[in-house]
Amino acid sequence: QVQLVESGGGLVQPGGSLRLSCAASGSVFSIYTMGWYRQAPGKQRELVASIIVGGTTHYPDSVKGRFTISRDNAKNTVYLQMNSLKPEDTAVYYCNVKTLVAPYEYWGQGTQVTVSS
């Protein structure tokens with residue numbers, strides 16, 4: 001089992017920055033991908049950023065150039081640095097890890113990010 005604890009959400013003005021953190025514990029040896037998803041009211045959950053064990057990252061066009069995902073393997077923690085935030089970035093952000101053993105995927109509890117003036 002893997003446990004995930006998220007932190008760092010909040011209210012920020014447009015153009016501002018936030019950093020989210022997600023610390024993993026438990027069977028961390030089985031983790032090969034860590035990432036962040038978000039879900040806005042009335043919308044489907046969508047991938048925001050992901051990073052695999054080797055360090056390769058992936059971003060959708062909507063956040064490319066503004067968001068940066070990083071991973072501290074020693075701390076089993078993944079970070080999401082969000083810059084130039086826009087109102088449309090408002091959502092609940094979820095940490096996600098994918099593992100090599102069942103159940104193959106875990107989710108954090110979610111943290112609210114609100115971008116508003």
Side-chain angles (χ1 to χ4, degrees):
Q1 296 291 316
V2 175
Q3 294 78 43
L4 302 174
V5 178
E6 303 171 8
S7 60
L11 172 65
V12 64
Q13 292 186 341
S17 299
L18 279 176
R19 189 176 84 151
L20 306 181
S21 300
C22 175
S25 60
S27 300
V28 297
F29 64 91
S30 65
I31 295 174
Y32 70 95
T33 298
M34 303 183 80
W36 292 91
Y37 287 70
R38 67 185 180 188
Q39 188 166 20
K43 295 187 176 181
Q44 288 189 332
R45 192 171 296 189
E46 62 176 356
L47 175 68
V48 176
S50 65
I51 184 167
I52 64 173
V53 172
T56 301
T57 58
H58 173 75
Y59 306 93
D61 289 343
S62 58
V63 307
K64 198 173 292 184
R66 300 187 299 122
F67 291 10
T68 302
I69 190 170
S70 61
R71 180 173 176 172
D72 185 333
N73 290 324
K75 296 182 179 180
N76 298 309
T77 299
V78 64
Y79 304 96
L80 183 67
Q81 178 66 43
M82 303 184 291
N83 299 327
S84 302
L85 283 161
K86 306 175 181 180
E88 51 264 43
D89 294 318
T90 295
V92 177
Y93 284 68
Y94 296 91
C95 179
N96 173 274
V97 300
K98 294 180 173 53
T99 60
L100 297 172
V101 298
Y104 303 111
E105 188 171 49
Y106 294 86
W107 292 92
Q109 78 278 9
T111 185
Q112 178 70 46
V113 172
T114 303
V115 185
S116 175
S117 55

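By convention here, the first residue in the shown sequence is residue 1.
- Note that the CZ atom of R71 and the OG1 atom of T33 stand 7.5 Å from one another [nearest 0.5 Å].
- The shortest distance between side-chain heavy atoms of S21 and K75 does not fall below 4.5 Å.
- Between A91 and A40, the shortest heavy-atom distance links the atoms CB-N, 3.8 Å.
- Here S17 pairs with Q81, N83 under the side-chain contact (heavy atoms from CB on, under 4.5 Å) rule; sequence neighbours left out.
- By the side-chain contact (heavy atoms from CB on, under 4.5 Å) test, V5 pairs with no residue at all, sequence neighbours left out.
- Contact detail for R38 and S62: the closest heavy-atom pair is NH2-OG, 3.9 Å.
- The side-chain contact (heavy atoms from CB on, under 4.5 Å) search around S116 returns L11, T114, not counting sequence neighbours.
- Evaluation of the side-chain hydrogen bond (donor to acceptor under 3.5 Å, both in side chains) test over residues 5-14, restricted to residues two or more places apart or in two chains, returns none.
- Other cluster members for Y93: V2, L4, V12, L18, L20, V28, I31, M34, W36, V48, I51, Y59, V63, F67, I69, V78, L80, M82, L85, V97, Y106, V113, V115, joined by side-chain heavy-atom distances under 4.5 Å among Ile, Leu, Val, Met, Phe, Trp and Tyr.
- Under the 4.5 Å side-chain criterion, counting only non-hydrogen atoms from C-beta, K98 is not in contact with Y104.
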Chi angles and distances behind the salt bridge (Lys or Arg N to Asp or Glu O under 4.0 Å) call for K86, D89 | CA-CA 5 Å; K86 306 175 181 180; D89 294 318; over 6 Å; no
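- A search for side-chain contact (heavy atoms from CB on, under 4.5 Å) contacts involving L47 returns Y37, S50, H58, not counting sequence neighbours.
- When the shell of 6.0 Å around CD of Q44 is examined, it contains 12 or fewer heavy atoms from other residues, nucleotides or ligands.
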